[in-house]
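Step one of this worksheet: look at the structure below.
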Amino acid sequence: MVNWKGIPRRLVGVLLLTGLLAVVTTETALPLEPTAGSFELVPQETWAGHSACGAVIDINLNGDPTDVGGYETLLTFDDAYLDYTEGNIALTDFLTAGGTRNSSGFDGGAGAAMLESVHGSSLRFGDFSWPASLPAAPGANAPGALASLMLDVVQCGNSTVSLSEIWLVDTSAAVLPLGAEPAVAVPVHHLLDVAPPFGIINAGDVGAVSARYFDLIDPTCGSADYMLDVAAPFGIINAGDVGAVAASYFAVTGCP
């Protein structure tokens, strides 16, 4: 029990009013609405001319939506610089909610084909989940990574990739609130322009390749040094790579 003796009368009034407000607030407060889900595009740095490698783009879901059960979206790209080959998308296990649900796009799910529809310069894709067992487990909670895809490179230059027609639902198929639809710039560098500043082949490019002479290179698209391997045979930096860059010394690429 509070000992009110010695406490100034004005302070007593403040304490009583604060307590009353706390009671009123407790009785009338409404649960906070979750913030809108926000799709995010994260492109990896890209170079033209690597036949097996394209523009790798990760798609994330940010915000704090809970009980996420599925999504669908339309990815659009500039076909002057980029293209898409069916099958170059990998959906994550995000919607499986730690393995408690099945997902149409995850290899460990029930094996149903994922949504993937290509039309010209756009790709529609999505993923949906259902209970792995009964009683049904809740859906996934954001944030999380949804997918990673690779667009084919047509030529170097500045391109834009965007998402539209986004549909995000919970496990009861109720639509969840969404933020703005994302669009990002995807600069595609010239094959021989391996180091910044981009737009011209200079000593930095020649030096970057020469410094790795006879090093084995990870040719995986988007890896840290795949761009240094500019000439066959691929997988190792040799005289062919150094010579190709040196032969274009001071050439203006016209690309970012």
Side-chain angles (χ1 to χ4, degrees), residues 25-44 55-78 82 84 86-151 159-186:
T25 302
T26 301
E27 292 178 350
T28 61
L30 296 176
L32 293 175
E33 290 290 333
T35 61
S38 175
F39 276 58
E40 177 188 31
L41 293 167
V42 182
Q44 297 183 21
V56 178
I57 300 174
D58 299 323
I59 298 98
N60 301 325
L61 175 62
N62 297 326
D64 65 356
T66 59
D67 192 35
V68 178
Y71 66 90
E72 182 180 319
T73 187
L74 183 72
L75 182 140
T76 303
F77 49 87
D78 187 341
L82 301 170
Y84 180 75
E86 191 170 352
N88 279 340
I89 183 170
L91 305 188
T92 71
D93 61 352
F94 172 75
L95 291 185
T96 66
T100 59
R101 299 180 65 81
N102 289 323
S103 165
S104 61
F106 180 54
D107 291 341
M114 67 182 182
L115 170 63
E116 181 187 15
S117 178
V118 185
H119 295 284
S121 58
S122 65
L123 163 68
R124 185 177 298 279
F125 68 94
D127 196 6
F128 304 91
S129 71
W130 60 94
S133 60
L134 294 177
N141 296 332
L146 300 179
S148 182
L149 61 87
M150 185 174 70
L151 297 172
S159 181
T160 300
V161 174
S162 61
L163 290 181
S164 61
E165 301 180 21
I166 301 174
W167 185 52
L168 184 70
V169 298
D170 64 17
T171 55
S172 69
V175 176
L176 294 170
L178 286 169
E181 296 176 326
V184 294
V186 181

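Not counting sequence neighbours, the partners of S172 by the side-chain hydrogen bond (donor to acceptor under 3.5 Å, both in side chains) test are D170. Scored by the side-chain hydrogen bond (donor to acceptor under 3.5 Å, both in side chains) test, S38 finds no partners at all (sequence neighbours excluded). In this structure, S159 has no side-chain hydrogen bond (donor to acceptor under 3.5 Å, both in side chains) partners at least two apart in sequence or on a different chain. The salt bridge (Lys or Arg N to Asp or Glu O under 4.0 Å) check on E181 picks up nothing, with sequence neighbours excluded. Taking A145 as the reference, N60, T92 meet the side-chain contact (heavy atoms from CB on, under 4.5 Å) condition, with sequence neighbours excluded. Qualifying side-chain contact (heavy atoms from CB on, under 4.5 Å) partners for Y84, counting only residues two or more places apart in sequence or in other chains: F77, N88, I89, E116, V118, L123, L151. With sequence neighbours excluded, the residues satisfying side-chain contact (heavy atoms from CB on, under 4.5 Å) with P143 are N62. The side-chain hydrogen bond (donor to acceptor under 3.5 Å, both in side chains) check on D67 picks up T171, with sequence neighbours excluded. Under the rule for a side-chain contact (heavy atoms from CB on, under 4.5 Å), the partners of P182 that lie at least two apart in sequence or sit in another chain are F39, L41, L163, I166.
A distance of 10.5 Å separates OG1 in T100 from CG in L95, rounded to the nearest 0.5 Å. Atoms CG and CG, on L168 and L176 in that order, are 4.5 Å from each other to the nearest 0.5 Å.
The salt bridge (Lys or Arg N to Asp or Glu O under 4.0 Å) contacts involving residues 119-142 comprise E72-R124, R124-E165, where partners must be two or more places apart or lie in separate chains. Residues in residues 129-145 take part in no salt bridge (Lys or Arg N to Asp or Glu O under 4.0 Å) pair, two or more places apart or across chains. Residue pairs that meet the side chain to side chain donor-acceptor pair (under 3.5 Å) test with at least one member in residues 139-151, sequence neighbours left out, are D58-S148.
Of all non-hydrogen atoms in P43 and A185, the two that sit nearest each other are CG-O, 3.9 Å. When all heavy atoms are compared, the tightest approach of A97 to P138 is CB-O, 3.8 Å. Heavy-atom minimum distance, S122 versus T76: CB-OG1, 4.0 Å. Between G37 and P65 the shortest heavy-atom distance is CA-CG, 3.4 Å. Residues A140 and F94 come closest through the heavy atom pair CB-O, 3.2 Å.
The aromatic rings of W167 and F128 sit tilted, their planes meeting at an angle between 30° and 60°.
Side chains of S104 and W130 form a contact here, defined as non-hydrogen atoms less than 4.5 Å apart.
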Exercise for the section: Please assess L91 against Y71 for the test side-chain contact (heavy atoms from CB on, under 4.5 Å), listing each intermediate value before the final yes or no. Expected result: CA-CA 11 Å; L91 305 188; Y71 66 90; 3.7 Å; yes
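Put simply, the side chain of T73 gets close to the backbone of S164: a donor and an acceptor are under 3.5 Å apart. Formation of a donor-acceptor pair under 3.5 Å by the S129 side chain with backbone atoms of G69 is found in this model.
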